[in-house]
Amino acid sequence: MAGEMPENAYSKWEDVDAHLLEGKDRGRVDSDPEEEYEEQPDEEEVESVHSLFDNATFTSAEECVAQAKDTYNLDLKKACSALGGGFYGAVKLVNFLRQCKEDRRLPWAEEPCETDEDYRASVKSLSGETVLARLSELGSTILTGDTYLQPVVASDPLLQHVALFQDDVEDEEGGG
């Protein structure tokens with residue numbers, strides 16, 4: 001009969017299925033994707049966070065912010081609050097301070113310091129209140145324009161963590 005399958009037809013397909021299941025098919029790739037996957041280390045790549053005032057590096061932004069306060073009398077949270085400007089103000093402050101370090105120049109000084117050591121000593125000699133007052137006086141210089149939105153340190157991890165010290169008070173007038 002034309003519609004009937006030969007008796008040996010099923011056994012032929014069963015042989016093909018068994019052959020494939022055993023992994024004996026030459027065209028089939030028999031590899032376990034998990035075996036081929038090279039396991040990556042669980043540790044995240046730690047980026048060095050450079051100090052705002054010296055050559056120290058830290059494994060976290062928190063350590064950098066603490067060093068600025070403990071060693072150089074600069075409370076970044078208070079400084080950002082005094083300057084205002086929210087997130088962008090915090091970014092501009094970090095870049096401003098990094099540029100001062102690079103130039104070895106205190107922004108209120110007439111001449112740059114001759115050495116990095118002189119620069120660090122000059123910053124350390126100021127009290128926290130003096131630093132905040134001086135930064136407040138320079139607020140419009142720091143916050144005006146886009147100059148300090150451009151990172152001084154490429155891929156600066158501290159800029160990725162400005163929430164640690166940015167002014168908590170957002171634009172209250174717009175918040176209703």
Side-chain angles (χ1 to χ4, degrees), residues 37-176:
Y37 176 74
E38 289 184 30
E39 202 163 314
Q40 300 296 320
D42 289 337
E43 300 173 17
E44 290 182 22
E45 187 175 312
V46 178
E47 292 186 75
S48 295
V49 182
H50 297 277
S51 169
L52 290 168
F53 301 105
D54 58 33
N55 295 326
T57 56
F58 306 96
T59 57
S60 73
E62 291 89 350
E63 292 173 357
C64 181
V65 170
Q67 188 237 21
K69 185 176 182 179
D70 298 342
T71 305
Y72 293 98
N73 304 313
L74 177 61
D75 184 328
L76 284 167
K77 192 163 186 81
K78 286 182 181 178
C80 284
S81 182
L83 282 177
F87 173 81
Y88 292 108
V91 168
K92 288 179 177 186
L93 177 61
V94 168
N95 288 323
F96 174 77
L97 293 171
R98 294 225 187 269
Q99 189 63 55
C100 290
K101 174 186 167 188
E102 192 173 280
D103 297 342
R104 289 191 306 229
R105 182 186 187 105
L106 296 173
W108 46 84
E110 292 181 25
E111 296 293 322
C113 298
E114 289 187 32
T115 66
D116 290 343
E117 190 174 308
D118 289 344
Y119 174 74
R120 289 190 299 272
S122 296
V123 174
K124 279 184 182 181
S125 70
L126 301 170
S127 70
E129 292 78 30
T130 302
V131 172
L132 288 176
R134 299 263 172 100
L135 286 173
S136 292
E137 291 169 9
L138 294 167
S140 62
T141 303
I142 297 170
L143 296 175
T144 303
D146 296 341
T147 302
Y148 296 111
L149 284 176
Q150 183 68 31
V152 174
V153 173
S155 302
D156 190 345
L158 189 56
L159 293 178
Q160 298 169 15
H161 298 283
V162 293
L164 291 171
F165 53 85
Q166 85 179 59
D167 188 6
D168 287 334
V169 180
E170 294 298 323
D171 184 17
E172 291 179 5
E173 294 173 14

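Under the salt bridge (Lys or Arg N to Asp or Glu O under 4.0 Å) criterion, K124 pairs with no residue at all, not counting sequence neighbours. Applying the side-chain contact (heavy atoms from CB on, under 4.5 Å) criterion to E102, with sequence neighbours excluded, gives Q99, V152. A search for side-chain hydrogen bond (donor to acceptor under 3.5 Å, both in side chains) contacts involving T130 returns S127, not counting sequence neighbours. Taking the side-chain hydrogen bond (donor to acceptor under 3.5 Å, both in side chains) definition, one finds that S125 meets it with nothing, sequence neighbours left out.
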Checklist entry - Could you go step by step and tell me if L159 and N95 meet the side chain to side chain contact (heavy atoms under 4.5 Å, CB included) rule? => result CA-CA 9 Å; L159 293 178; N95 288 323; 3.7 Å; yes

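Note that CZ of R120 is 10.5 Å distant from SG of C113, once rounded to the nearest 0.5 Å. Here the CG atom belonging to L138 is positioned 10.5 Å from the CG atom belonging to L106, to the nearest 0.5 angstrom. Between atom CG of residue L74 and atom CZ of residue F53 there is a gap of 4.5 Å, rounded to the nearest 0.5 Å. The distance from atom CG of L126 to atom CZ of R134, rounded to the nearest 0.5 Å, is 6.0 Å. With rounding to the nearest 0.5 Å, the separation of NZ in K101 from OG in S51 is 5.5 Å. Atom CG in L97 sits 6.0 Å away from atom CG in L135 (nearest 0.5 Å).
Here the closest non-hydrogen pair linking V49 and S60 is CG2-C, 3.8 Å. When every heavy atom of A90 is checked against every heavy atom of V162, the shortest pair comes out as CB-CB, 4.0 Å. Shown here for P157 and S48, the closest heavy-atom pair between the two residues is CG-O, 3.5 Å. Scanning both residues, P112 and D103, for their nearest heavy atoms gives CB-O, 3.6 Å.
The salt bridge (charged side-chain N to carboxylate O under 4.0 Å, His left out) pairs that include a residue from residues 106-117 are R104-D116, where partners are two or more places apart or lie in different chains.
With contacts defined as side-chain heavy-atom distances shorter than 4.5 Å, the pair V131/Y72 does not qualify. Annotation: side chain of L158 is in contact with side chain of F165 (closest heavy-atom distance under 4.5 Å). Here the side chains of T141 and K92 are not in contact, with every heavy-atom distance at 4.5 Å or above. Looking only at side-chain heavy atoms (C-beta outward), Q67 and F58 come within less than 4.5 Å of each other.
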Sequence neighbours left out, cut at 3.5 Å: what donor-acceptor pairs do the side chains of residues 142-151 make with other protein atoms?
{"from": "T144", "atom 1": "OG1", "to": "S140", "atom 2": "O", "distance (Å)": "2.4"}

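Using a distance-only test at 3.5 Å, with no hydrogens or angles considered, no donor-acceptor pair links the side chain of K69 to the main chain of K77. At least one donor-acceptor pair under 3.5 Å links the side chain of R98 to the backbone N or O of H50.
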